[in-house]
A.B. asks: 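The structure's right below; bear with me while I get my questions together.
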Amino acid sequence: MVCLRANNYIKIMNKKYFIFFGPPGSGKGTQAEMLDKRLKLVYISTGSLLRKEVHSGSALGRKVRPILKDGRLVGNKIIEKIVKDRLEKRDAFAGAIFDGFPRNKEQQEFLKRLLKELHFDEKKDKIYAIQVDVGDKEVKHRITRRRSCVCGQVYHLDYNPPKIEGKCNKCGKALFTREDDKADVIEHRLKIYHKRSQPLIKYWHDLGKLITVNGERKPKAIQISLVKKLKKLKAI
Ligand code: AMP
């Protein structure tokens, strides 16, 4: 629980956390960002934060670049530091939306410990997992049509094209195809996703805190059904 003081008015707010699961190319990032716009929490995409490091040429970026390129998972210690640093910032006091984290059991355990440190209250605060369900065949088809920007924006040439061809709507920079969006790397990333994320999804399912949405629809339609489900559960 958090107290916000504005104009001598104290508002008690409950913390909210949402964890997005979905294979690469499922559109989970788009859904996570749409939900973030609505809820005004902090959006944490570990993949996007890592790509920023790669593009900036930092020491961390140089270290993780080959890992991202091959579609392997970056070491837990690096991921944990990135998430901790972000979650401890003041603007994250009301909660966060995770995209691409946690990716394995160790990261999930770390998240639970971290939330405890941040005074997550099991009774009053909320945490839900959201699974964006898309089949492997559709994933492979979609990813070849995906374009990204260094600022973190992601486009799809059919479902969510940029207003000006090849340019980012947000910052105007040139769009590119990610190094790990190649067919053989996708195959590998899908394998890792099924192996590592399925047990995590089952965990949230067994807790009664999993929401699954059919991701094989237009982004707006997916978001509408997601929000409906979240409201029904009184999660938002
Ligand atoms: P994403 O944008 O979520 O598909 O992530 C792109 C790449 O970043 C992944 O293939 C991994 O190499 C790395 N990555 C992102 N998030 C994590 C994480 N939580 N744990 C380990 N590696 C990650």
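Remember, it's 1-based here, ligands and their atoms both numbered in the order they're listed. Quick caveat, the model's predicted, so the values are computed rather than measured.
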A.B. asks: Relative to atom 18 (C) of ligand 1, which among R178, R103, E106 owns the nearest non-hydrogen atom?
C.D. replies: R103
A.B. asks: Could you name the option among P102, G152, G47, G71 that has the heavy atom nearest to atom 15 (C) of ligand 1?
C.D. replies: G47
A.B. asks: Main chain of S26, side chain of R142: is a donor-acceptor contact present, judged purely on distance under 3.5 Å?
C.D. replies: yes
A.B. asks: Examine the side chains of R217 and S225 and answer whether a donor and an acceptor come within less than 3.5 Å of each other.
C.D. replies: yes
A.B. asks: Please check if atom CZ in R65 has more than 12 non-hydrogen atoms from other residues, nucleotides or ligands closer than 6.0 Å.
C.D. replies: no
A.B. asks: Any chance CZ of R72 has more than 12 other-residue heavy atoms, nucleotides or ligands included, within less than 6.0 Å?
C.D. replies: yes
A.B. asks: Please write down residue, atom name and distance for the protein heavy atom closest to atom 22 (N) of ligand 1.
C.D. replies: V74 N, 3.0 Å
A.B. asks: Does V134 offer a backbone N or O that forms a donor-acceptor pair with the side chain of E138 under 3.5 Å?
C.D. replies: no
A.B. asks: Considering all heavy atoms of both residues, which atom of Y155 and which atom of N169 are nearest to each other, and what is their separation?
C.D. replies: OH-N, 2.7 Å
A.B. asks: Can you name the atoms of ligand 1, numbered from 1 with element, that are less than 4.0 Å from a heavy atom of L68?
C.D. replies: 7 (C), 8 (O), 12 (O), 13 (C)
A.B. asks: Can you check which of R196, R189, H188, R65 brings a heavy atom nearest to atom 4 (O) of ligand 1?
C.D. replies: R189
A.B. asks: Tell me which part of L73 gets within contact of ligand 1: side chain, backbone, both or neither, using heavy atoms under 4.0 Å.
C.D. replies: both
A.B. asks: Looking only at protein heavy atoms, which one is nearest to atom 11 (C) of ligand 1, and what is the separation?
C.D. replies: R72 O, 3.3 Å
A.B. asks: Just to confirm my output: which protein heavy-atom neighbour is closest to atom 2 (O) of ligand 1, and how far is it?
C.D. replies: R51 NH1, 2.9 Å
A.B. asks: Whether the Q223 and Q31 side chains hold a donor-acceptor pair (N or O, under 3.5 Å, no angle test) is what I'd like checked.
C.D. replies: yes
A.B. asks: Does atom NE2 of H205 have more than 12 heavy-atom neighbours, drawn from other residues, nucleotides or ligands, at distances under 6.0 Å?
C.D. replies: no
A.B. asks: Identify the protein heavy atom lying closest to atom 14 (N) of ligand 1, giving its residue, its atom name and the separation to 0.1 Å.
C.D. replies: L50 CD1, 3.6 Å
A.B. asks: Run the numbers for me: atoms of ligand 1, each under 4.0 Å from some heavy atom of Q107, listed by number.
C.D. replies: 18 (C), 19 (N), 20 (N), 21 (C)
A.B. asks: Of the choices I78, T46, D181, V64, which has the non-hydrogen atom that lies closest to atom 17 (C) of ligand 1?
C.D. replies: T46
